[in-house]
Amino acid sequence: MKSYKTSVFLFAMVMIFSMVLLSGCGGAPDIEKLKEEGDIKGLIAALGYDNDEESSEVSIARREAAIQALEDIGAPAVEPLIGALSDKNVNIR
């Protein structure tokens, strides 16, 4: 019985790890790709992305690129940005 539980646990962990990798949660957001896709919500979420292993200059550059992409998108980004004003993450607000 223990072997079965261990196998199920390992299978579940592999599946979760795979979903995280496939969803793009495993790394920094690709601002250019989000901009090309017109993914306003993704760009707004990118404003709040933080990775302790990277320099603050890289984080700042990513946020600035996301802000520029949202500005380039223009009017369609306004309503989602208004909604983001109530976000708990200061970088998104």
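Just so it is clear, the model here is predicted, and its values are computed rather than measured.
- The CG atom of Leu47 sits 6.0 Å away from the CG atom of Leu70 when rounded to the nearest 0.5 Å.
- Both Leu81 and Leu43 belong to a single network of hydrophobic side chains, linked directly or stepwise wherever heavy atoms of I, L, V, M, F, W or Y lie under 4.5 Å apart.
- Grouping the Ile, Leu, Val, Met, Phe, Trp and Tyr side chains by contacts below 4.5 angstrom, directly or via other members, places Ile73 with Ile92.
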Could you list the donor-acceptor pairs under 3.5 angstrom formed between side-chain atoms of residues 28-37 and any protein atom two or more places apart in sequence or on another chain?
residue: Asp30; atom: OD1; partner: Glu32; partner atom: N; Å: 3.3
residue: Asp30; atom: OD1; partner: Lys33; partner atom: N; Å: 3.1
residue: Lys35; atom: NZ; partner: Asp72; partner atom: OD2; Å: 2.7

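- Arg62 meets the salt bridge (charged side-chain N to carboxylate O under 4.0 Å, His left out) test with Glu54; sequence neighbours excluded.
- Residues Val90 and Arg93 meet the side-chain proximity criterion, which asks for heavy atoms closer than 4.5 Å.
- Residues forming a side chain to side chain contact (heavy atoms under 4.5 Å, CB included) with Ser56 (at least two apart in sequence, or on another chain): none.
- Side-chain contact between Asp50 and Ser59 is present, with at least one heavy-atom pair separated by less than 4.5 Å.
- Here the CD1 atom belonging to Ile60 is positioned 6.5 Å from the CD atom belonging to Glu57, to the nearest 0.5 angstrom.
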